[in-house]
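Below is one structure, written out as structure tokens; the observations come after it.
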2 protein chains.
Amino acid sequence: MTRDPHGPDSGRSAVRRPASIKDVAAAARVSPTTVSHVLSGNRPVNEQTAARVRSVVNRLGYVPASLARSLQAGSTSVIGLMIPDISNTFFAELAKGAEDAAHDLGYGVILCNTEFDAEREDRYLGMIRSRFIDGMVYASGSPPSRRRLEALMGRFPIALADEEVDGLEGALIATADHEAGGRLVGEHLRELGHRRALMVTGPRELKSGVARAGGFVKAFQGHVTERVGDFKEHSGYRLVSELLAAGDPDFTAVFAANDLMAFGALTALREAGLSVPGDVSVVGFDDIRAASLAHPSLTTVHQPAYDVGRTATAQLLQYVSRGEVPPASRHTLPVELKVRASTAPPAR
Amino acid sequence: MTRDPHGPDSGRSAVRRPASIKDVAAAARVSPTTVSHVLSGNRPVNEQTAARVRSVVNRLGYVPASLARSLQAGSTSVIGLMIPDISNTFFAELAKGAEDAAHDLGYGVILCNTEFDAEREDRYLGMIRSRFIDGMVYASGSPPSRRRLEALMGRFPIALADEEVDGLEGALIATADHEAGGRLVGEHLRELGHRRALMVTGPRELKSGVARAGGFVKAFQGHVTERVGDFKEHSGYRLVSELLAAGDPDFTAVFAANDLMAFGALTALREAGLSVPGDVSVVGFDDIRAASLAHPSLTTVHQPAYDVGRTATAQLLQYVSRGEVPPASRHTLPVELKVRASTAPPAR
DNA sequence: GTAGAGATGCAAAACGCTTTGCACAACGGG
DNA sequence: CCCGTTGTGCAAAGCGTTTTGCATCTCTAC
């Protein structure tokens, strides 16, 4: 702890003690009670007295310590938002929706970016146990934290946003209609005349990916080759390349379970000398920013990430603000097919 | 809103009062003081007594109320991060850096997404005045809030991240080396053999954009046509289209002050039947996700958004943790030219 | 003239923790 | 035998609010 030898107010000066309600009360020659009443309007105060108090408040630049207020009130008006990666546009959009909803109701949002790091998730889960936050919007996490989450679920206000893994029932959950998205893609490709498609799915454990594939297969009603990817760009590239290298690909269209893998597929097709959509059509899922900027622009399913975040948060807060733990309920949000330049009728 | 008819403890049940330090003390037949000492290790406690206390703590599931602790300590270990739009990948990256740095030092981050809305900015600025947060990382805001910010700057710990507007001196600031970025682009295009370029700048008020253009013009040492854009995709499209429509464009390369405008330029060139980089080279700035995914992939300057956020936050916390207001200091972070497929020697 | 009703403001408790000062016992060294 | 030390634990103050419950005082109405 070094002591700095500067002047009393230069550079790295220490913050001086801010005025408290007592200071205001003393200066205005009233009791703290009265100051509180003037400021909150909770009880009537003589206008002349009130004016005096207000003037002192201004002169001293008094701002009530929200910490003390929260302690007294038993709630902080802040919630947590647990997501794996804020730099992923999907979660960024979701975060924006959550922040908007929270702001509307006068709540703040603590950003809990976890990278699926269990230690980090634990620390943030701790914030709810220590009641520093009034609730938590939880958008997927690592298996260990999910177990701990289950223990908390009944006792603290928690909402699931786009939760994709099994096991967490009995919760408030908002999610996109993944199955409908897959169905839309299936119908679109079928209408264009495609009869043989390659479906690049996500990992089997993630419900959302499974739902997308399910919807697609049902609606497409044609021959579907399935390959399991991992939602990363490279896996889309690799899987398509392999099939192409094996010769005589048995598909005229590719449906990747997310945009990133679709881009990988795009690259693989291009490298094989195939044109998109001339020779093969490609469809993604998510509608990330790059989907519309890429060339050819990507036909994809728009996920309402913003709405998912907003809905989960708004629903949660409805209960939090009443000091209740939310009951189980599911909110499915509509998706939308964005037809762009990467799909066309098959070559023939 | 469906109601589920399960047992007495399902659905919208109220949260019951959690155990306090007093409850633990009573159950362990010691004083609250002793419980506190056991948990904090602040003073030695008889091991037998300590064991008894710990067992009660477990049995009751006691977690100290961080609110009360903060009130007592006079700080919350939470800071704010004020940004205009979390769904913008630049700010999302910055936020990630800020969150990482904060986490390392045991701090939490409140997401203050403002959309440049003055009312919203004010509310978040209020959090620092009411001492709910220990400090604020501020990454640009609307003019009104900036005035208010100046008033706060001396009294509260605030750091500027990539601040782009004039007037806020005397602060702790972390920013990318915009001028060097412009210079790198100038050198790159010159080395390729270009002698006539179009520079699409950002609004004059934003220092960063001006610095980018300045560095470019100085290093390019050729003929530069300047046009003022607004950092949005459409303005890049419009400005290039106009020039092209006027006939005989006096440039073989386009440098847009950000990637979005570069994409607009790309579209305009394509529509005019010009190939990139065959006929015209295009360079952007930022290195957003889409830059590498687009076709052709975009040559651009990588901005260390993550590092800007991380540095600003780490620097700020260094002072916050000691209860000091940070002194003025500037941290300039290096940028990097990413040469991709959108640049090549001029046609000739 | 008096009871009831408003207006006005204060004291004190409560929120849940940490910290400081003190009390008491046991013990070893001189 | 006394003093200083070490171990152990508690009481009380303090952090800065809000929220009762009361105590005055002044009207108004009967």
Side-chain angles (χ1 to χ4, degrees), chain A residues 15-54 56-57 60-77 126-134 323, chain B residues 15-54 56-57 60-77 126-134 323:
Chain A
V15 186
R16 69 164 196 285
R17 189 179 75 77
S20 83
I21 198 172
K22 282 184 195 167
D23 301 327
V24 174
R29 320 200 124 263
V30 295
S31 76
T33 307
T34 303
V35 176
S36 174
H37 287 330
V38 169
L39 262 34
S40 72
N42 246 343
R43 272 196 192 178
V45 173
N46 179 292
E47 182 46 40
Q48 200 170 327
T49 314
R52 185 153 35 96
V53 168
R54 273 190 285 265
V56 171
V57 164
L60 266 47
Y62 168 69
V63 178
S66 45
L67 221 50
R69 199 200 293 261
S70 293
L71 176 61
Q72 149 74 30
S75 68
T76 58
S77 288
M127 299 190 93
I128 199 172
R129 310 192 68 211
S130 73
R131 282 147 289 150
F132 191 85
I133 54 180
D134 291 351
Chain B
V15 186
R16 71 165 195 282
R17 188 179 76 77
S20 82
I21 197 171
K22 280 185 197 167
D23 301 328
V24 175
R29 318 200 123 263
V30 295
S31 74
T33 308
T34 302
V35 177
S36 174
H37 288 329
V38 168
L39 262 33
S40 71
N42 246 343
R43 274 196 191 178
V45 173
N46 180 291
E47 180 46 41
Q48 199 171 328
T49 316
R52 186 154 34 97
V53 169
R54 274 190 284 267
V56 171
V57 164
L60 266 47
Y62 168 69
V63 178
S66 46
L67 220 50
R69 201 200 291 263
S70 294
L71 177 61
Q72 150 75 28
S75 69
T76 58
S77 288
M127 299 191 93
I128 200 172
R129 309 193 70 211
S130 72
R131 283 147 289 150
F132 191 85
I133 56 181
D134 291 351

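The chains referred to below are lettered A, B, ... by the order of the sequence lines, with proteins before strands, and numbering in each begins at 1. In this text the structure is predicted, and so the values were computed from the model without any measurement.
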Rounded to whole Å, CZ of B:R131 lies from C1' of D:dT17 at a distance of 11 Å

Result for side chain to side chain contact (heavy atoms under 4.5 Å, CB included) between A:R131 and one of B:S66, B:P18, B:P64 points to B:P18

Distance in Å, A:T34 OG1 paired with A:R43 CZ, rounded so as to fall on 0.5 Å steps
10.0 Å

Under-3.5 Å donor-acceptor pair between B:Q72 side chain and D:dG14 base
yes

To the side chain of B:A65, which of D:dT18, C:dG16, C:dG9 is closest?
C:dG16

Note: for B:H37 and A:N46 on DNA chain C, the residue whose nearest nucleotide lies more 5' is A:N46

B:S20 has its side chain closest, among D:dG9, C:dC10, C:dG16, to C:dG16

Any N or O donor-acceptor pair linking the side chain of A:R43 to the base of C:dG9 at under 3.5 Å?
yes

Enter the distance from B:S36:OG to B:I21:CD1 here, rounded to the nearest 0.5 Å.
5.0 Å

Rounded distance (Å) that lies between atom C1' of C:dG9 and atom CD1 of A:I21
14 Å

Taken to the nearest whole Å, CD/B:Q48 to P/D:dT8 is 10 Å

Output the rounded distance in Å from OH (A:Y62) to C1' (D:dG16).
7 Å

Classify the side chain of A:R52 and the base of C:dG9 as holding, or not holding, a donor-acceptor pair under 3.5 Å.
no

When rounded to whole Å, the CG to C1' distance for the pair A:L67 and C:dG16 reads 12 Å

Touch class at under 4.0 angstrom, heavy-atom based, for B:T49 against every strand present:
sugar-phosphate

Crowded around A:Q48 CD? As in, over 12 foreign heavy atoms under 6.0 Å?
no

Quick check for you: among C:dT8, C:dC17, D:dG9, whose closest atom lies nearest to any side-chain atom of B:R69?
C:dC17

Go through D:dT17, D:dT19, D:dG16 for me and flag the one nearest to the A:L71 side chain.
D:dG16

Rounded to whole Å, how long is the line connecting atom CD of A:E47 with atom C1' of C:dG6?
18 Å

Between atom CG in A:D23 and atom C1' in D:dT17, what is the gap in whole Å?
13 Å

Starting at CG of A:L67, measure out to CD of A:Q72 and round the result to the nearest 0.5 Å.
13.0 Å

Answer yes or no: does a side-chain N or O of B:N42 lie under 4.0 Å from OP1 or OP2 of C:dT19?
yes

For A:F132 and C:dG16, what is the distance between atoms CZ and C1' respectively, to the nearest whole Å?
15 Å

Students often get this wrong, so: under 4.0 angstrom with heavy atoms, is B:S36 touching a base, only sugar-phosphate, or nothing?
base

At under 4.0 Å, does any side-chain N or O of A:S31 touch on OP1 or OP2 of C:dG9?
no

